[in-house]
Amino acid sequence: MTILVTGGAGFIGSNFVLDWLAQSEEHVVNLDKLTYAGNLENLQSLQGHCGHFFVRGDIVDGALVQRLLGEFRPRAIVHFAAESHVDRSIHGPADFIDTNIGGTFSLLEAVRAYWTGLESGDGARFRFLHVSTDEVYGTLGPDDPPFSETTAYAPNSPYAASKAASDHLVRAYHHTYGLPTVTTNCSNNYGPFQFPEKLIPLAISNALQGKPLPVYGDGKQVRDWLYVGDHCAAIRTVLERGRLGETYNIGGNAEKMNLDVVRTLCATLDAARPRTNGTYADLITFVKDRPGHDRRYAIDATKIRSELGWTPAESFDTGLAKTVRWYLDNAEWVAHVQSGDYQNWIEQNYGAR
Ligand code: NAD
Ligand code: DAU
């Protein structure tokens with residue numbers, strides 16, 4: 001048996017592939033374009049593993065996807081591939097439209113043709129799991145109830161709008177063609193192998209280099225934080241037992257203000273690797289806010305808990321401690337990803353502030 005994973009060289013996708021192969025005999029075909037965010041070093045420990053087959057390719061390329069489906073006959077698709085960084089979507093939205101909307105559309109078309117040709121038993125067992133985000137729901141006020149699966153979509157960034165469009169396509173393919181889909185909408189992930197453009201790995205990397213820790217606006221924006229290993233477990237659960245055509249919200253039970261996240265991170269680093277002069281919190285620097293910055297996200301994960309029995313194993317403190325330890329132990333990984341493109345990005349996003 002085989003599953004096809006898209007975007008399996010990125011942050012969450014590579015964690016998912018590693019977790020999957022550690023627990024299952026089932027093979028993984030990993031289709032990834034290797035954009036700046038895709039990194040084969042994440043999968044280095046799988047070198048020589050007969051259950052992992054990596055293909056460099058674009059999900060927009062329907063002919064390639066059709067060929068892979070015909071050759072490997074997967075019993076499920078787990079679709080992570082996307083442009084995923086909100087700030088990049090503000091500076092240059094076109095890639096987000098191409099991959100997140102166009103790519104998901106091409107993938108759905110190829111999968112529909114493949115699924116239609118499956119024998120009835122295989123067709124009934126087949127799954128298309130679409131990985132999406134809580135950002136499709138827009139922003140919350142301080143006293144609003146958290147996002148549930150019935151919250152109306154109100155995306156505010158080009159990234160969020162492109163993910164919302166992809167969710168709608170997946171929904172339509174289930175409703176119109178009967179494609180056996182499930183969609184997950186989760187909160188902010190953190191953990192090993194996260195590219196240091198997102199808040200937590202950026203702050204760890206900057207702190208260790210004695211650089212400013214940029215906090216957008218007043219730092220009082222709220223996010224829910226989900227350890228990536230918990231997210232991977234939730235996806236496996238939904239793939240196994242999620243109801244067809246349904247969506248499941250996934251959260252970490254960890255609503256935090258950004259400033260508190262950065263302060264906690266500084267305290268964790270102070271304990272693990274003290275600075276010679278001062279504390280890491282001395283590096284916190286308030287910078288210009290993100291345009292259209294959503295104020296608060298929060299997740300109501302009642303549905304996945306009550307229907308499927310999933311809850312996160314990590315608290316924010318335990319997950320963050322593991323994450324900080326991983327970055328301390330993997331300085332070489334960070335040095336390798338901080339390539340020319342990364343330097344250009346830092347200049348573009350933070351240079352004019
Ligand atoms: P990431 O940016 O780290 O990785 C994305 C991967 O997709 C990369 O390996 C990249 O090379 C690949 N990719 C991009 N365009 C492609 C294309 N056209 N064809 C094939 N591969 C392509 O992203 P991530 O943080 O791992 O997020 C994975 C998924 O989870 C995304 O769909 C994202 O929207 C969703 N998500 C992420 C978070 C989070 O906090 N990181 C939270 C909620 C949802
Ligand atoms: O909510 C889920 C989403 O979480 C995913 O769909 C996205 O793919 C993922 O990138 C993430 O989006 P965010 O915009 O929330 O993540 P980011 O790490 O970029 O920012 C987290 C918060 O921290 C956000 O409020 C912006 C703020 N921030 C971010 C950076 C990079 C700062 O204050 N300073 C920074 O330098």
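A quick note: this is a predicted structure, and the numbers were derived from the prediction, not measured. Order of listing sets the numbers, starting from 1, for every ligand and every atom in it.
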Ligand 1-proximal atoms of [X], by part, heavy-atom distance under 4.0 Å:
| X | value |
| --- | --- |
| K163 | side chain |
| L34 | backbone |
| Y159 | side chain |
| S187 | backbone |

Below 4.0 Å, non-hydrogen atoms only: which portion of [X] touches ligand 2? Side chain, backbone, both or neither.
| X | result |
| --- | --- |
| N258 | side chain |
| L202 | side chain |
| E135 | side chain |
| E197 | backbone |
| V86 | side chain |

Quick one: sort the [X] and [Y] rings into parallel, tilted or perpendicular, breaks at 30° and 60°.
| X | Y | value |
| --- | --- | --- |
| F80 | F16 | tilted |
| F54 | H52 | tilted |
| H293 | Y216 | perpendicular |
| W333 | Y327 | perpendicular |
| F316 | W225 | tilted |

Are [X] and [Y] linked by a side-chain donor-acceptor pair shorter than 3.5 Å?
| X | Y | value |
| --- | --- | --- |
| K33 | T99 | no |
| D167 | Y153 | yes |
| T6 | H79 | yes |
| S148 | D300 | no |

Margin query: Return the OG1 to NZ distance between T247 and K303, rounded to the nearest 0.5 Å.
Written below: 4.5 Å
Next item on the list: Drop me the distance from L40's CG to L46's CG, to the nearest 0.5 angstrom.
Entry: 10.5 Å
Regarding [X] and [Y], does a basic nitrogen lie under 4.0 Å from an acidic carboxylate oxygen?
| X | Y | answer |
| --- | --- | --- |
| R67 | E71 | yes |
| K163 | D134 | no |
| K322 | E314 | yes |
| R243 | E307 | yes |

Using heavy-atom distances only, which candidate in [options] approaches [atom] most closely?
| atom | options | value |
| --- | --- | --- |
| atom 40 (O) of ligand 1 | N189, L64, L199, V136 | N189 |
| atom 9 (O) of ligand 1 | I12, N15, D32, D98 | D32 |
| atom 20 (O) of ligand 2 | R223, R290, K198 | R290 |
| atom 4 (O) of ligand 2 | V136, N188, V131 | N188 |

Return a yes/no value for [X]: is any of its N or O atoms, backbone included, closer than 3.5 angstrom to an N or O of ligand 2?
| X | value |
| --- | --- |
| D87 | no |
| Q221 | no |
| W225 | no |
| L199 | yes |
| S187 | no |
| V215 | no |
| Y297 | no |

Notebook entry, point to check: Any heavy atom of K163 sitting closer than 4.0 Å to ligand 2?
Noted result: no
Atom indices of ligand 1 within 4.0 angstrom of [X] heavy atoms, with elements:
| X | result |
| --- | --- |
| C186 | 42 (C), 43 (C), 44 (C) |
| D58 | 17 (C), 18 (N), 19 (N) |
| T35 | 10 (C), 11 (O), 14 (C), 15 (N) |
| S84 | 1 (P), 2 (O), 23 (O), 25 (O) |
| N188 | 40 (O) |
| G38 | 8 (C), 9 (O), 11 (O) |
| T133 | 43 (C), 44 (C) |
| F80 | 28 (C), 29 (C), 31 (C), 32 (O) |

Checklist line | atom 33 (O) of ligand 2 - nearest protein heavy atom and its distance | finding: Y216 N, 2.8 Å
Note to self: When you compare ligand 1 with F11, is there at least one nitrogen or oxygen pair between them that comes in under 3.5 angstrom?
What the structure shows: yes
Next item on the list: Report the C-alpha distance between W326 and F193 in whole Å, list the side-chain angles of each, state the deciding distance to 0.1 Å, and finish with yes or no for ring-ring contact (aromatic ring centres under 6.0 Å, His included).
Entry: CA-CA 9 Å; W326 188 87; F193 300 117; 4.8 Å; yes
Heavy-atom contact check, 4.0 Å cutoff: does [X] meet ligand 1?
| X | answer |
| --- | --- |
| T6 | no |
| G57 | yes |
| S132 | yes |
| V131 | yes |

Notebook entry, point to check: Just wondering, more than 12 heavy atoms not from E119 lying within 6.0 Å of its CD?
Noted result: no
Note to self: With a sphere of 6.0 Å drawn around CZ of R171, does it hold more than 12 non-hydrogen atoms of other residues, nucleotides or ligands?
What the structure shows: no
Item checked: Sole residue of V29, L118, L68, T2 in side chain to side chain contact (heavy atoms under 4.5 Å, CB included) with R73 -> L118
Note to self: Counting the benzene-type ring for Trp, do Y36 and F195 have ring centres under 6.0 Å apart?
What the structure shows: yes
Check: Looking at D134, which atoms of ligand 2 are within less than 4.0 Å of one of its heavy atoms?
Finding: 1 (O), 2 (C)
